[in-house]
Amino acid sequence: MSRPSWDEYFMEIARLVSTRSTCLRRRVGAVLVKDKRILSTGYNGAPARLPHCLEVGCLREQEGVPPGERHELCRGLHAEQNAIIQAAYHGVSIRGATLYCTHHPCIICTKMIINAGIERVVYLEGYPDPLSEDMLKESEVKVERFSR
């Protein structure tokens, strides 16, 4: 019996977190970790106490918005946003943390990641947002695509 590496362990948790997503287009999960301890988690979905896309439909689908564009046309928060917000809500510092995410962050999440002081991003799937990739490189946040 072999134990998973820390990256495997936390990425598997991010995958599990993504199963709570209420997005009709893409299920995303995120886990913020520091010193091998989980600080917070997040998945994509509507703000608390508001109807989810599962209940009211997807505005982006209705409008024909392609992935990676017009992020403001969405009821939901992204998984990375929810993980950052949950940490702030509970007074947990995420400065110096690693973000494990099932998908590469978009530009909006990237700006939050940079300003929150997150130092490393490990992601599983790509996302069509070249500006996000450029800003992460420019900010010197370490970015790694997860592979076993």
Side-chain angles (χ1 to χ4, degrees), residues 1-50 52-54 58 60-61 65-148:
M1 181 170 105
S2 66
R3 295 174 67 193
S5 70
W6 287 109
D7 283 350
E8 289 170 332
Y9 176 71
F10 292 122
M11 187 57 75
E12 198 57 38
I13 292 170
R15 284 187 195 151
L16 179 61
V17 170
S18 77
T19 65
R20 291 283 305 153
S21 170
T22 58
C23 179
L24 297 170
R25 294 179 89 174
R26 183 185 321 260
R27 295 179 126 199
V28 182
V31 179
L32 281 166
V33 174
K34 187 172 181 181
D35 299 326
K36 300 177 185 164
R37 302 289 184 253
I38 295 172
L39 303 175
S40 98
T41 65
Y43 53 87
N44 54 333
R49 298 176 303 282
L50 293 182
H52 291 280
C53 297
L54 290 171
C58 175
R60 293 174 63 78
E61 281 295 316
V65 179
E69 297 178 17
R70 305 287 317 268
H71 297 289
E72 75 280 6
L73 294 178
C74 181
R75 300 183 57 78
L77 290 121
H78 290 186
E80 304 93 324
Q81 293 168 333
N82 271 325
I84 292 168
I85 290 166
Q86 282 301 307
Y89 186 87
H90 293 287
V92 176
S93 173
I94 57 174
R95 185 179 195 177
T98 295
L99 173 73
Y100 290 88
C101 197
T102 57
H103 293 75
H104 191 283
C106 74
I107 186 59
I108 295 170
C109 292
T110 289
K111 291 184 276 188
M112 292 178 72
I113 288 164
I114 293 166
N115 275 6
I118 295 168
E119 293 182 355
R120 180 174 174 240
V121 174
V122 180
Y123 71 96
L124 188 59
E125 302 290 332
Y127 188 74
D129 197 332
L131 182 56
S132 170
E133 292 176 25
D134 292 345
M135 285 187 78
L136 284 166
K137 283 178 193 166
E138 191 176 341
S139 72
E140 299 181 4
V141 171
K142 295 177 187 125
V143 180
E144 302 166 33
R145 185 161 193 164
F146 177 77
S147 62
R148 288 187 188 251

Are any non-hydrogen side-chain atoms of [X] and [Y] less than 4.5 angstrom apart?
| X | Y | answer |
| --- | --- | --- |
| R25 | C58 | yes |
| H103 | R26 | yes |
| I84 | I118 | yes |

What is the distance from atom [atom1] of [X] to atom [atom2] of [Y], rounded to the nearest 0.5 Å?
| X | Y | atom1 | atom2 | result |
| --- | --- | --- | --- | --- |
| D134 | S139 | CG | OG | 11.0 Å |
| L136 | I113 | CG | CD1 | 6.0 Å |
| R60 | E72 | CZ | CD | 8.0 Å |
| E8 | S2 | CD | OG | 7.5 Å |
| M135 | I114 | CE | CD1 | 4.5 Å |
| C106 | E69 | SG | CD | 12.5 Å |

Over 12 non-hydrogen atoms of neighbours within 6.0 angstrom of CZ in R145: yes

Residues R75, L50; criterion side-chain contact (heavy atoms from CB on, under 4.5 Å); working and verdict: CA-CA 9 Å; R75 300 183 57 78; L50 293 182; 4.0 Å; yes

Counting N and O atoms only, with roles assigned by atom type, does the side chain of [X] sit under 3.5 Å from a partner on the main chain of [Y], one being a donor and the other an acceptor?
| X | Y | value |
| --- | --- | --- |
| T102 | L124 | no |
| T22 | G45 | no |
| N82 | Y43 | yes |
| S40 | A83 | yes |

Under the ring-ring contact (aromatic ring centres under 6.0 Å, His included) test, residues paired with H71 that sit two or more places apart: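 Only H78 meet the ring-ring contact (aromatic ring centres under 6.0 Å, His included) criterion with H71.
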
Residue pairs fulfilling ring pair (Phe, Tyr, Trp, His ring centres under 6.0 Å) with at least one residue in residues 4-34, sequence neighbours excluded: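 Sorted pair list: W6-Y9, W6-F10, F10-Y100.
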
Over all atoms of both residues, closest heavy-atom pair of [X] and [Y]:
| X | Y | answer |
| --- | --- | --- |
| A97 | L39 | CB-CD1, 4.0 Å |
| P67 | P128 | O-CG, 3.7 Å |
| V28 | C101 | CG1-SG, 3.8 Å |
| L16 | T19 | O-OG1, 2.6 Å |
| L77 | A46 | CD1-C, 4.4 Å |
| G42 | V17 | O-CG1, 3.2 Å |

Worked check of side-chain contact (heavy atoms from CB on, under 4.5 Å) between D129 and T110: CA-CA 10 Å; D129 197 332; T110 289; over 6 Å; no

Residue pairs, two or more places apart or on separate chains, that pass side chain to side chain donor-acceptor pair (under 3.5 Å) and touch residues 27-37: none

Step-by-step ring-ring contact (aromatic ring centres under 6.0 Å, His included) determination, H104 to Y123: CA-CA 5 Å; H104 191 283; Y123 71 96; 4.8 Å; yes

